[in-house]
Each structure stands twice: as C-alpha cells, then as structure tokens.
Amino acid sequence: MTAQIGGPGAVLPEARVRAFVAEQLAGEDLDGRSVCLVVPDGTRSCPLPLLLAAVHEALYGRVSRLTVLVALGTHAPMGEAELAGHIPPLPGMTVLNHEWWKPSTFASVGTIGAERVAELSGGLLHQEVDVRLNRAVVEHDVALVVGPVFPHEVVGFSGGDKYFFPGVAGADIIDLSHWLGALITSAEIIGTRGITPVRALIHEAAALIPSRRRALCVVVESGTGALHSMAYGTPEAAWSAAADVSAHVHVRYLDAPVRRVLSVIPEKYEDIWTAAKGFYKLEPVVADGGEIVLYAPHVRTISAMHPEIEEIGYHCRDYFTKQWDRFKHLHWGVLAHSTHLRGAGTYDEERGEHCRLTVTLATGIPEGVVRGANLGHLDPATVDFAAFAADPDTLVVPQAGEVLHRLRR
C-alpha cells in the first residue's frame with residue numbers, strides 16, 4: 001500500500017508535511033531498529049532540512065541508530081560547510097558522504113546473471129554484473145529513501161530505488177545501467193513513464209538488498225523547494241505515485257521546435273558533469289541543426305571527479321558503438337555521460353561524426369579545454385540576454401536542469 005498527499009496543483013504547508021511523515025512512520029515496526037536514510041546531494045531541489053527534521057522527530061528515541069547517507073552517485077563529495085546547510089544538525093544522527101572512490105565503502109549483495117541482464121535490457125546487453133552498494137545500507141535494518149522525483153535522462157524518472165543504484169552503488173552496476181540508458185538514448189528515455197529497461201535493472205538490483213526498504217518520495221516545485229506531493233511506501237510504489245505527479249508539473253510542452261536555446265544553469269551545478277542536465281531537458285525541443293547554449297559563468301571545470309571526459313570528449317552514441325574496441329575498456333558511465341550531452345547523431349568511418357545539434361558552453365572553462373572536448377565555446381561576457389529573449393527562434397530557460405521540455409505531438 002502507498003500513502004499519498006497533494007497533487008499537481010497543490011502546495012503542502014509545513015504542518016501537513018510533518019503530520020504525514022509522523023503518521024507513516026508511526027505505522028512502521030521500527031522500535032529498536034537501525035535506520036539508514038538515503039538522501040540526495042545538493043544538485044536536487046528539495047526541502048531536505050524540513051523532511052529530515054520531520055523524520056527525526058518521528059524516529060528519535062525509537063530507533064537504535066539513525067544514519068544519513070548522501071547519495072552522491074559519482075558526484076563530488078559535499079564539504080563540511082555544504083553538509084551543514086544541506087542537512088540539519090540533529091541529535092543522535094550521523095551524516096555520511098557516499099565515499100564511492102574508496103573500495104572499502106562497498107558490500108556485495110549478489111549478482112544479476114548475463115541471461116537476466118539480457119532479458120531486462122531487451123537484448124541490448126548480455127553480461128553478469130556484481131551488485132555492490134554502500135555497506136551502510138546493508139548494515140542497517142531499514143533503508144529509507146528520502147528525496148524528490150524528476151524526469152531523468154537515464155531511467156525515465158528519478159527517485160525511489162535509483163537512490164540506491166546509482167546513488168550509493170558500486171561502479172559495475174552504475175556503468176551497466178548508464179550505458180544501457182545511453183544505448184536507448186537520453187532523448188528516447190527521458191520523461192518516460194512506467195518501467196523502462198534501466199528502471200527494471202535498478203529494481204532487480206534493489207531486490208537483492210537485505211535491509212527492509214521504504215521510501216518517502218516527494219515532488220518539488222523546481223527551484224523553490226515547495227512541495228506539490230508526498231508518497232510513502234515501498235520504493236517502487238512510492239516512486240510510481242510521485243512520478244505520476246512529476247509528469248504533470250515537471251514537463252513543459254511547446255507547439256513547435258526552436259532553433260536555439262539559452263539554458264541558464266543554476267549555481268547548484270558546479271561542473272559540466274552535473275550542469276549537463278540543462279542540455280538533457282531541452283534537447284527534445286530543438287530543431288535539427290539547432291543549438292543549445294549552456295550559460296554557466298560559475299562553472300570552471302568539465303568534471304571535478306571524472307577528468308578523463310576531457311580526453312574522450314563528447315560524442316554521439318554511434319561514435320562509440322561503431323568503434324567499440326577503442327572504448328570498451330573505459331568506464332561505461334563516462335561514455336554514457338559523453339553521449340547524453342552530445343545528443344543524437346551518426347558516425348561512420350567514411351563521413352565521420354554528424355551530430356543533430358550544436359552544443360555550446362558559455363562558462364568559465366578555458367576555450368581550449370572546451371573545444372578539445374568537441375564542444376562549442378562562447379565567452380559568457382558576450383551573452384546579451386535581451387537579444388536572446390527578443391529572438392523569436394530562441395527559447396531562454398532560467399533555472400534549467402529539472403523541467404523537461406517536449407514538443408506536443
């Protein structure tokens with residue numbers, strides 16, 4: 001059973017949020033149990049201090065141990081000052097970054113066989129995968145996901161079991177799931193409701209977790225932290241209920257394609273690895289031969305944690321699949337990121353690579369680094385917002401990265 005409040009047109013007051021959390025957790029058998037709260041990092045809009053305060057109020061004194069684990073995926077760790085603003089200092093609560101770069105972080109919970117991977121992926125992949133995740137999840141009786149749901153370029157809609165995989169997962173399952181999404185392509189999978197092949201793989205992996213799994217999935221007004229809805233239950237059921245709401249509030253429809261987009265990146269995205277969401281959410285509405293400009297003067301590096309992307313560069317899917325022997329030894333998650341930001345395109349040995357769109361960075365990254373990564377460069381100081389806004393063929397999108405833009409069919 002899933003409990004849910006709110007909806008697409010609602011804004012939930014704080015008192016109702018606290019009451020809902022208290023009611024749902026009061027009904028769980030948690031007395032004397034250890035609980036691991038798996039939460040997003042700072043790249044997601046979410047009133048996390050409110051949610052964690054409500055959870056803490058409902059659990060403090062009841063549970064034997066309460067740990068907050070920040071689901072970084074492979075993002076940069078949050079520093080002490082960032083964590084202090086992200087997670088309220090509450091008594092009896094330990095806060096951990098997911099230290100994905102340390103092998104000792106992980107415990108294996110089993111494997112998914114090659115035949116099952118082939119079945120789940122619709123035949124796109126055929127190999128066994130070791131399912132590893134942060135041992136803090138395994139070493140607690142209950143794992144409770146607390147976080148938002150948005151349209152997502154790899155899985156369709158984020159949230160639920162995705163906070164385990166890739167949120168606090170090992171490299172093998174991250175690489176496999178992200179490359180599967182890349183093979184399907186971001187434009188095809190983003191904002192897709194239901195169980196996509198990547199979501200099916202994530203659910204299969206999550207079923208191996210020995211801890212009891214629950215989720216508090218919320219739908220947030222992008223950029224504000226106001227809550228439209230909350231759903232509580234198993235991660236699968238709570239996510240599904242929240243994704244239904246997200247599909248209404250986080251998708252904007254256009255009647256016709258545009259030639260150019262100025263995608264204004266908020267400062268919570270500190271490198272292109274995360275700021276690329278400003279491309280993913282706009283790619284579907286740009287006409288063939290068009291351009292997306294990522295305006296982010298505050299961004300000064302392509303990836304803080306994956307510098308190899310500067311050597312690989314950004315390319316369409318076929319660039320890799322048709323030269324697989326050159327690239328198969330690299331982290332597939334990095335290759336997937338490359339394809340997601342470069343978008344749709346073709347490649348063959350005679351004609352080379354042809355991408356559907358031009359991707360231009362107006363950032364603090366040096367021009368040589370940008371062009372070396374196979375992207376266009378624009379000095380952010382030369383960006384004239386008034387001129388962009390006055391151009392009928394240009395769409396200016398403030399606070400880009402969370403709201404998906406689609407064409408009406």
Would you indicate whether the side-chain heavy atoms of [Y] and [X] approach each other to under 4.5 Å?
{"X": "P210", "Y": "V138", "result": "yes"}
{"X": "Q24", "Y": "M230", "result": "no"}
{"X": "L51", "Y": "L227", "result": "yes"}
{"X": "Y347", "Y": "H315", "result": "no"}
{"X": "L201", "Y": "S121", "result": "no"}
{"X": "K162", "Y": "R199", "result": "yes"}
{"X": "E308", "Y": "S303", "result": "no"}
{"X": "M78", "Y": "I87", "result": "no"}

- Message: Let me confirm one number: the CG-CZ distance from L254 to R408, rounded to the nearest 0.5 Å.
- Response: 8.0 Å

- Message: Filter on ring pair (Phe, Tyr, Trp, His ring centres under 6.0 Å), then keep only pairs touching residues 38-59, sequence neighbours left out; what's left?
- Response: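 Counting only pairs at least two positions apart or across chains, the ring pair (Phe, Tyr, Trp, His ring centres under 6.0 Å) contacts touching residues 38-59 are H56-Y60.
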
- If you look at every heavy atom in S240 and R193, which pair is closest and at what distance? O-NH2, 3.3 Å

- Please name the pair of heavy atoms, one in Q4 and one in A241, separated by the smallest distance, quoted to 0.1 Å.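 Smallest heavy-atom distance, with atoms named: NE2-O, 3.4 Å.
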
Donor-acceptor contacts under 3.5 Å from residues 288-297 side chains, at least two apart:
| residue | atom | partner | partner atom | Å |
| --- | --- | --- | --- | --- |
| D288 | OD1 | R356 | NH1 | 2.9 |
| E291 | OE2 | T360 | OG1 | 2.6 |

- Item | Flag if over 12 foreign heavy atoms under 6.0 Å of CD, E188 | no

- Quick check: are there more than 12 heavy atoms from other residues, nucleotides or ligands sitting under 6.0 Å from NE2 of H354? no

- Pairing of E402 and K277 as salt bridge, 4.0 angstrom limit: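 Here E402 does not pair with K277 in a salt bridge, since their nearest N and O are not under 4.0 Å apart.
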
- Message: Do the side chains of E28 and R212 get close enough for a salt bridge, i.e. N-O under 4.0 angstrom?
- Response: yes

- Query: V258 pairs by side-chain contact (heavy atoms from CB on, under 4.5 Å) with which of L407, L395, D391?
  - Reply: L395

Looking only at side-chain N and O atoms, does [Y] offer a donor or acceptor that is under 3.5 Å from a partner on [X]?
{"X": "H405", "Y": "E283", "answer": "no"}
{"X": "H140", "Y": "T67", "answer": "yes"}
{"X": "S263", "Y": "K281", "answer": "no"}
{"X": "N134", "Y": "T105", "answer": "no"}

- Kindly say whether A182 contributes a backbone atom to a donor-acceptor pair with the side chain of T185 at under 3.5 angstrom? no

- For the pair H306 and W100, name the ring-plane relationship: parallel under 30°, tilted 30 to 60°, perpendicular over 60°. parallel

- Query: Using the ring of each side chain (for Trp, its six-membered ring), is W179 parallel, tilted or perpendicular to W332, with breaks at 30° and 60°?
  - Reply: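 Ring orientation of W179 relative to W332: tilted.
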
- Message: Between H178 and F165 (judged by ring centroids, cut-off 6.0 Å), do the two rings come close enough to count as a pair?
- Response: no

- Using the ring of F388 (Phe, Tyr or Trp, six-membered ring only), decide whether R260 places NZ or CZ under 6.0 Å from its centre and within 45 degrees of its axis. yes

